[in-house]
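Working notes, beginning with the structure itself.
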Amino acid sequence: MDNRQNVRILPMNGDHLDEVAALERICFSDPWSRNMLAEELSNDLAAFLVALNQREEVIGYAGIQVVLDEGYILNIAVRPDCRRQGVAGKLLQVFLDFARGNRLAFLTLEVRASNDAAIALYESRGFREAGRRKNYYEHPREDAVLMTLNLSGEGEEP
């Protein structure tokens, strides 16, 4: 079943914390705790989004931190049974639109080297490998691929 049209993207708030923390535990071997997520709600440099299905359940979420004109995508996670339905792409698009609208110089993120689906999504949006962090992830130990989308030259006349 394709739920693309039924997904709503909203700012994360305290009501979403339990579901987002559960999603972290499902999706990541070293998940953020509920308290860590709650702290981010009061971080003026960070913004978190949730993707809700038609039943108002959190099926995905994403976070970004902005420092000056630099955007750091912290996490993008989608419930396993809702993957490959465009949810991560919708979350990412909000950050891309924000970055362009606020004239950020770049967006950057880290992704497991084995996460082919995520890497393909990021590449489809213009992100390119900018380096690697050796053995960055644990459980299992794996390199992180640093991916960056340079936005500083967009919209300028040649």
Side-chain angles (χ1 to χ4, degrees), residues 1-4 7-12 16-41 43 45-53 57-100 104-152 154:
M1 183 169 93
D2 187 342
N3 290 326
R4 289 175 209 255
V7 173
R8 292 189 315 128
I9 307 296
L10 301 171
M12 184 173 81
H16 302 124
L17 286 172
D18 289 338
E19 288 180 276
V20 171
L23 187 59
E24 272 281 316
R25 291 189 298 274
I26 292 167
C27 294
F28 300 114
S29 60
D30 190 16
W32 288 24
S33 69
R34 186 186 190 283
N35 286 343
M36 291 168 72
L37 292 161
E39 286 176 16
E40 291 300 319
L41 290 177
N43 179 349
L45 300 178
F48 282 77
L49 304 169
V50 291
L52 303 179
N53 65 13
E57 299 166 328
V58 173
I59 60 169
Y61 97 100
I64 189 171
Q65 184 171 27
V66 178
V67 180
L68 301 174
D69 65 346
E70 303 171 357
Y72 299 90
I73 296 175
L74 304 171
N75 279 345
I76 296 181
V78 176
R79 215 168 67 188
D81 63 320
C82 298
R83 291 182 183 156
R84 306 201 77 59
Q85 297 176 18
V87 178
K90 284 186 174 192
L91 289 163
L92 181 58
Q93 190 61 50
V94 173
F95 290 157
L96 291 169
D97 293 344
F98 171 84
R100 290 184 173 108
L104 298 188
F106 64 83
L107 285 175
T108 192
L109 55 86
E110 291 139 355
V111 59
R112 279 187 180 270
S114 65
N115 193 342
D116 295 332
I119 290 169
L121 170 65
Y122 302 138
E123 287 178 339
S124 77
R125 302 301 171 92
F127 284 80
R128 296 294 172 253
E129 183 172 336
R132 287 189 178 235
R133 294 190 200 275
K134 196 83 174 141
N135 297 320
Y136 180 79
Y137 294 104
E138 297 183 15
H139 316 297
R141 184 164 296 284
E142 187 173 357
D143 291 356
V145 177
L146 298 171
M147 299 191 76
T148 299
L149 174 62
N150 187 342
L151 299 167
S152 59
E154 286 192 4

side-chain contact (heavy atoms from CB on, under 4.5 Å) with Phe106: which residues, sequence neighbours excluded?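 Checked Phe106 against side-chain contact (heavy atoms from CB on, under 4.5 Å); matches are Glu70, Tyr72, Thr108, Thr148.
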[atom2] on [Y] to [atom1] on [X], rounded to 0.5 Å:
X: Glu24; Y: Glu19; atom1: CD; atom2: CD; result: 14.0 Å
X: Glu142; Y: Arg133; atom1: CD; atom2: CZ; result: 14.5 Å
X: Leu17; Y: Phe48; atom1: CG; atom2: CZ; result: 10.0 Å
X: Leu52; Y: Ile9; atom1: CG; atom2: CD1; result: 8.0 Å
X: Leu91; Y: Leu96; atom1: CG; atom2: CG; result: 11.0 Å
X: Arg100; Y: Phe95; atom1: CZ; atom2: CZ; result: 14.0 Å

With heavy-atom distances below 4.5 Å as the criterion, would you say the side chains of [X] and [Y] are in contact?
X: Asp143; Y: Asn135; answer: yes
X: Tyr122; Y: Leu149; answer: no
X: Arg112; Y: Ser29; answer: yes
X: Arg128; Y: Glu123; answer: yes
X: Phe98; Y: Val66; answer: yes

On a heavy-atom basis, which atom in [X] and which in [Y] lie closest, and how many Å separate them?
X: Ile73; Y: Phe127; value: CD1-CZ, 4.2 Å
X: Ala105; Y: Asn150; value: O-OD1, 3.3 Å
X: Val111; Y: Asn115; value: CG2-CB, 3.8 Å
X: Met12; Y: Leu37; value: CE-O, 4.2 Å
X: Ala88; Y: Ile76; value: CB-CG2, 3.9 Å
X: Leu23; Y: Val78; value: CD1-C, 4.0 Å

Give me each pair satisfying side chain to side chain donor-acceptor pair (under 3.5 Å) with a member in residues 30-39, each pair once, sequence neighbours excluded.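 Every side chain to side chain donor-acceptor pair (under 3.5 Å) pair that includes a residue of residues 30-39, provided the two are not neighbours, is Asp18-Arg34.
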Option from Val58, Ile59, Val7 for which side-chain contact (heavy atoms from CB on, under 4.5 Å) with Asn53 holds: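 In the set Val58, Ile59, Val7, the residue that makes a side-chain contact (heavy atoms from CB on, under 4.5 Å) with Asn53 is Ile59.
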Just do the side-chain contact (heavy atoms from CB on, under 4.5 Å) check on Lys90 and Val87 with the steps written out, would you? CA-CA 5 Å; Lys90 284 186 174 192; Val87 178; 5.9 Å; no
CA sep, side-chain torsions, deciding dist, call: Ile64, Leu107, side-chain contact (heavy atoms from CB on, under 4.5 Å): CA-CA 9 Å; Ile64 189 171; Leu107 285 175; 3.7 Å; yes
Do we see a donor-acceptor contact under 3.5 Å between the side chains of Tyr137 and Glu110?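 Absent: no donor and acceptor within the cut-off.
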